[in-house]
There are 2 protein chains.
Amino acid sequence: MTPSAQSTQPRRSDATRAAILRAARERFAADGYERATIRAIAADAQIDPSMVMRYYGSKEGLFAAAAEFDLRLPDLTSVPPAQLGEVLVRHFLARWEGDETLVALLRAASTNPGAAERMRGIFADQLTAAVATFGSDPALTARRAGLVASQVLGLAFTRYIVRLPPMVDTTPEELVSWIAPTLQRYLTGTPPS
Amino acid sequence: MTPSAQSTQPRRSDATRAAILRAARERFAADGYERATIRAIAADAQIDPSMVMRYYGSKEGLFAAAAEFDLRLPDLTSVPPAQLGEVLVRHFLARWEGDETLVALLRAASTNPGAAERMRGIFADQLTAAVATFGSDPALTARRAGLVASQVLGLAFTRYIVRLPPMVDTTPEELVSWIAPTLQRYLTGTPPS
DNA sequence: AACCATTGCCAACATCTGTTGGCAAACACT
DNA sequence: AGTGTTTGCCAACAGATGTTGGCAATGGTT
């Protein structure tokens, strides 16, 4: 859309753009979509609110840019089938410990339809595709992926959003030990009667 | 707090109060805390916005009244230990299918600190208490309850908030079959090494 | 009938929100 | 030097939001 999106032409305002994006991620993660105001984000980035509009068009556009998120799922075909669950939990925990993008997306998905749509895309597309790689009943892959998403998002929700004390205090490794068997069964277990 | 909270004195405005509460629950569930405006709630209840303020003091007060929620957990001591997981999932699904209070609480908990606090109270207190009834290692009950909460809230989040297609399309009974073993292990399984 | 609390509505307030237009300085290019 | 583009800020608008005070109508009580 922007006239300079054609090539690697570094702009003088790239630093400002990045500062806005960083501040936006922080605010969206901490406050959610509606409480995170453009004025507050601009103040954090130490620029004028009108700059945000010029560079990202609107608040929705800013959020779309700030909540870009890739699960970066590993290639599951090269994982021993018996360790799929463990690999997945560990990957998820490592992926978003310290990266507030997912927290921003998670918070916003509760109230912002666009964010929910993006969340659906991430987990329905990326995760379902990954689950589909190790061939099982194709009719079940979507359900398996959905179940994995339910446990994984529940983990994120209770640990980073609601901050349930037992879920916050438990170390990542202990969480992996508890939750890996769950994902393992959702992924490879035989469907219940 | 209100001067008439002392006894069963039916007021003429009870119908209005109830209408406000019903509209508030709907709006909070559908839009979240900040998007649900007092004006919209009042319009749904077909009264003036100032009535909401008079009867509930503030928007926070209205939400506190509308998001009153009791898990109504059954007495787990009278449940065969091997069926704890199944009983629990079934209870949760039945409890909030058709009752939008929890959805309201869930949506609001992402952005409203008070709602998150209440959510913490519900799941940390009520659920932990229920888990503690069938005696196991007291040092583990909090963690077991937290894990159960993570799966149960993840189920609610993916099914009612994000609306992941596979989680929406699956029937409650099928969900019970898949998820019951998870809760069973979180509740009674031996802790991983 | 006289009195008073309750119920309801209208109008307004102060504030905050996303968003816009214009203008000065800095820069790039010829 | 001169010209056009980019970067940044200021001021303001238009709308929405929670909240308040006053005033009429209603109902119950004596």
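Lettering of chains follows the sequences in order, A, B, ..., and the numbering in each one begins at 1. As the structure is a computational prediction, the values presented were derived from the model and not from experiment.
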(message) Going by ring-ring contact (aromatic ring centres under 6.0 Å, His included), name the pairs with one or both residues in residues 166-193 of chain A, residues two or more places apart or in two chains.
(response) none

(request) Not counting sequence neighbours, list each pair that qualifies as a salt bridge (charged side-chain N to carboxylate O under 4.0 Å, His left out) and has a residue in residues 59-79 of chain B. (result) none

For residues 100-107 of chain A, tabulate all N or O donor-acceptor pairs below 3.5 Å that involve a side-chain atom, not counting sequence neighbours.
residue	atom	partner	partner atom	Å
A:T101	OG1	A:D99	OD1	2.7
A:R107	NE	B:S110	O	2.4
A:R107	NH1	A:A29	O	2.3

(request) Measure the distance from CZ on B:R17 to P on C:dT6 and round it to the nearest whole Å. (result) 10 Å

(request) Report yes or no: does B:Q126 contribute a side-chain atom to a donor-acceptor pair with the main-chain N or O of B:L71 at less than 3.5 Å? (result) yes

(request) Please state how far atom CZ in B:R35 lies from atom C1' in D:dA16, giving the value in whole angstrom units. (result) 13 Å

Listing time: all N or O pairs from protein to nucleotides 20-29 of chain D that are below 3.5 Å?
none

(request) Measure the distance from OH on B:Y55 to C1' on C:dG8 and round it to the nearest whole Å. (result) 7 Å

(message) Under 4.0 Å, heavy atom to any atom of DNA chain C: which of residues 36-46 of chain A qualify?
(response) A:A36, A:T37, A:I38, A:R39

(message) What is the separation between atom CD on B:E60 and atom C1' on D:dG18, rounded to the nearest whole Å?
(response) 12 Å

(message) Taking B:T16's backbone N and O only, do any of them form a donor-acceptor pair with B:Y55's side chain (distance below 3.5 Å, no angle check)?
(response) no

(request) Could you list all the salt bridge (charged side-chain N to carboxylate O under 4.0 Å, His left out) pairs where at least one residue sits in residues 146-172 of chain A, not counting sequence neighbours? (result) A:E97-A:R159

(message) So, using salt bridge (charged side-chain N to carboxylate O under 4.0 Å, His left out) as the criterion, who are the partners of B:R120 when residues are at least two apart?
(response) B:E117

(message) Can you pull out the residues from residues 107-118 of chain A that lie within a 4.0 Å heavy-atom distance of DNA chain C?
(response) none

(message) Run the salt bridge (charged side-chain N to carboxylate O under 4.0 Å, His left out) test against A:E86 and tell me which residues pass, sequence neighbours left out.
(response) A:R90

(message) Rounded to whole Å, please give me the gap between CD1 in B:I20 and P in C:dT7.
(response) 11 Å

(message) Measure CG/A:D14 against C1'/D:dT7 and give the value in whole Å, please.
(response) 12 Å

(message) I need the CG-P distance between A:D31 and C:dT17, as an integer number of Å.
(response) 11 Å

(message) So, using salt bridge (charged side-chain N to carboxylate O under 4.0 Å, His left out) as the criterion, who are the partners of A:R54 when residues are at least two apart?
(response) none

(message) Measure CD/A:E34 against P/D:dT17 and give the value in whole Å, please.
(response) 12 Å

(request) Please list all pairs passing the ring-ring contact (aromatic ring centres under 6.0 Å, His included) test where one or both residues lie in residues 27-46 of chain A, with sequence neighbours left out. (result) A:F28-A:Y33, A:F28-A:F63, A:Y33-A:F63

(request) Identify, with sequence neighbours excluded, every residue that meets side-chain hydrogen bond (donor to acceptor under 3.5 Å, both in side chains) alongside B:T133. (result) none

